[in-house]
Every structure is written in structure tokens, then in C-alpha cells.
Amino acid sequence: MKKLILPLLALTMMLAPTKTNAQALEQGNVIIDAYYGFPNLYSAIFKAAYESSNSTGLTLGSQGPLGIRAEYLITDKVGFGIDLGMNSSSISYSEADINTNIIYDYKFTTSKIGAIFTFNYHFVENDKLDAYFVIGGGYGNRTFKFTSTDPNYIEESMESLIPISYKIGGGMRYFFTENIGANLALGLGQGGLVNAGISAKF
């Protein structure tokens with residue numbers, strides 16, 4: 001199913017009419033998108049790294065990428081916006097101390113919060129469909145935390161050396177009514193490789 005998303009999006013954009021008497025968006029519109037994305041890359045890395053280990057009670061937690069974005073159209077084709085997103089991953093497991101054979105619990109968590117400004121260029125004019133290219137950049141800080149019940153374990157926490165985030169890609173919205181629709185976006189950076197959700201137009 002995932003492999004069909006990109007070709008389907010490309011086909012939709014190619015077949016969509018470029019001129020009609022009505023269009024989904026116009027100058028002055030404000031669009032709010034709520035979205036959930038995938039994959040969560042850190043969760044996939046954790047799973048691959050620890051699945052084959054000798055650890056017991058392995059538990060993996062994952063949230064996001066998820067977020068909300070808003071856009072204001074300064075012309076019928078150009079919009080500026082802001083995208084607020086987050087994601088988190090955690091892994092917990094138990095291991096026996098090689099000297100005492102006492103079992104201790106360990107946990108590793110990481111989370112990222114990002115706030116970027118975006119520039120969107122809308123290249124489809126249709127009364128239902130909106131398709132656009134997006135580029136953006138701004139703040140993004142990832143934190144890492146290591147904890148354990150082992151009294152000899154040194155707990156650590158770290159943050160991003162360079163707290164930046166970005167987005168390059170494209171997306172589309174399909175409006176079921178005049179003001180409510182669904183969104184789908186593909187790209188690199190904040191929001192994951194693929195994200196989808198609901199949209200509201202004002």
C-alpha cells in the first residue's frame with residue numbers, strides 16, 4: 001500500500017485540470033492541517049538494535065511524527081505558514097549484572113520538537129483538489145535520556161548540537177465540503193516521509 005502512495009499522488013497531480021472557474025483555495029484563505037506521519041525512524045532503529053540482544057522484557061514505545069500546520073495564502077498560488085511537530089521513541093529492557101546476577105531495568109528515550117516556517121507554491125487549481133510544493137526551515141531540538149535502576153549506572157541526557165529542522169517535499173488536499181478535507185504529504189524532514197490527516201479552510 002505504501003508503495004502506491006507516490007505514484008498515485010503523481011498521477012493525481014498530472015491529471016488534475018490546471019484551469020477551472022472555481023478553485024479550492026484563493027488569496028486570503030487560511031488552512032489548518034492536523035497530521036500523523038510515518039515511519040518513526042528512531043523506533044525502527046531501536047527495534048533493529050535490541051531485538052537480537054540477550055535483553056529481556058523488551059518494550060518499545062513510539063509516538064508520531066505528528067503535528068499541526070497553518071498556512072496563509074498571500075496570492076492564489078503562494079502561501080506562507082508554520083508547522084509545529086513532534087515525535088518520540090523509547091525502549092526499555094532488563095539485563096542481569098555479569099558480576100552479581102542481579103537484574104536491573106534500563107530505559108532509553110528520545111524526543112524531538114520542531115517549529116518551522118514554510119513557503120508553499122500551489123500548482124493545481126481545482127474546486128476540490130489542492131496540490132503544492134513546500135520548503136521550510138526553523139527550530140528543531142532532539143533530546144536523549146538514559147536511565148537505569150542500576151545504582152552504578154551513570155544516567156545521561158543530551159540535546160541536539162545544532163537545533164534546526166527542515167521540510168522539503170510536496171502535498172495535496174482534497175476538500176469533501178467547502179471547508180473540510182483530507183491531506184497527504186510526502187517529503188524529507190519534519191513530519192516523516194509520509195503524513196496524512198484532516199484539513200480545515202477558513
Suppose we screen for ring pair (Phe, Tyr, Trp, His ring centres under 6.0 Å). Which residues come up paired with Phe119, at least two apart in sequence or across chains? Phe80
Once ring pair (Phe, Tyr, Trp, His ring centres under 6.0 Å) is applied, do any residues pair with Tyr36, and if so which ones, sequence neighbours excluded? none
Partners of [X] by side chain to side chain contact (heavy atoms under 4.5 Å, CB included), sequence neighbours excluded?
| X | value |
| --- | --- |
| Tyr174 | Lys128, Leu129, Phe176 |
| Ile198 | Ala34 |
| Thr100 | Asp97, Ile102 |
| Gln27 | Asp76 |

Tell me the closest heavy-atom pair linking [X] and [Y], and the distance in Å.
| X | Y | result |
| --- | --- | --- |
| Gly138 | Ile116 | N-CG2, 3.5 Å |
| Ile164 | Lys112 | O-NZ, 3.9 Å |
| Asn40 | Ser88 | ND2-O, 3.2 Å |
| Gly64 | Asn87 | C-CB, 4.2 Å |
| Ala182 | Ser199 | C-OG, 4.0 Å |

From [X] atom [atom1] to [Y] atom [atom2], the distance as rounded to the nearest 0.5 Å:
| X | Y | atom1 | atom2 | answer |
| --- | --- | --- | --- | --- |
| Ile68 | Ile82 | CD1 | CD1 | 10.5 Å |
| Asp83 | Lys167 | CG | NZ | 7.5 Å |
| Asp105 | Tyr93 | CG | OH | 10.5 Å |
| Tyr139 | Leu84 | OH | CG | 12.5 Å |

So [Y] and [X], do their side chains get closer than 4.5 Å, heavy atoms only?
| X | Y | value |
| --- | --- | --- |
| Pro65 | Met86 | no |
| Ile113 | Asn141 | no |
| Leu188 | Tyr166 | yes |
| Phe202 | Asn179 | no |

According to the interplanar angle, ranging from 0 to 90°, do the rings of Tyr153 and Tyr106 count as parallel (below 30°), tilted (30 to 60°) or perpendicular (above 60°)? perpendicular
Would a single hydrophobic cluster contain both [Y] and [X], if residues Ile, Leu, Val, Met, Phe, Trp and Tyr are joined by side-chain heavy-atom contacts under 4.5 Å?
| X | Y | result |
| --- | --- | --- |
| Phe144 | Leu41 | no |
| Ile45 | Leu58 | no |
| Ile91 | Tyr104 | yes |
| Tyr42 | Leu66 | no |
| Val78 | Met172 | yes |

Does Tyr35 sit in a hydrophobic cluster with other residues, and if so which ones, taking ILVMFWY side chains as linked at heavy-atom separations under 4.5 Å, directly or through other members?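 None, because no other hydrophobic side chain comes under 4.5 Å of this residue.
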Hydrophobic clusters join Ile, Leu, Val, Met, Phe, Trp and Tyr when side-chain heavy atoms are under 4.5 Å apart, directly or via other members; which others share one with Leu73?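 For the cluster that includes Leu73, the remaining residues are Leu25, Ile31, Phe175.
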Mark yes when over 12 heavy atoms from residues, nucleotides or ligands other than Phe117 sit less than 6.0 Å from its CZ; otherwise mark no. no
Give a yes or no on this: more than 12 heavy atoms of other residues, nucleotides or ligands lie within 6.0 Å of atom CG of Leu60. yes
Hey, is the main chain of Asn120 close enough, under 3.5 Å, to the side chain of Lys77 for a donor-acceptor pair?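 No, the answer is negative, given that no donor and acceptor are paired below the 3.5 Å cut-off.
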Residue list, salt bridge (Lys or Arg N to Asp or Glu O under 4.0 Å) with Asp33, at least two apart or on another chain: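 So Asp33 forms a salt bridge (Lys or Arg N to Asp or Glu O under 4.0 Å) with Arg69, Arg173.
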Sequence-distant partners of Ser111, side chain to side chain donor-acceptor pair (under 3.5 Å), two or more places apart: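 With sequence neighbours excluded, Ser111 shows a side chain to side chain donor-acceptor pair (under 3.5 Å) to Thr143, given in chain and number order.
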Just to verify, what does Ser165 make a side chain to side chain donor-acceptor pair (under 3.5 Å) with, not counting sequence neighbours? Gln190
N/O donor to acceptor pairs below 3.5 angstrom from side-chain atoms of residues 154-162, sequence neighbours left out:
unit_1 : atom_1 : unit_2 : atom_2 : d
Glu155 : OE2    : Ser148 : N      : 3.4
Ser160 : OG     : Arg142 : N      : 2.8
Ser160 : OG     : Arg142 : O      : 3.3

Check the side chains of Glu71 and His122 for a donor-acceptor pair under 3.5 angstrom, ignoring hydrogens and angles. yes
Can you tell me if Ser89 and Ser43 form a side-chain donor-acceptor pair at under 3.5 Å? yes
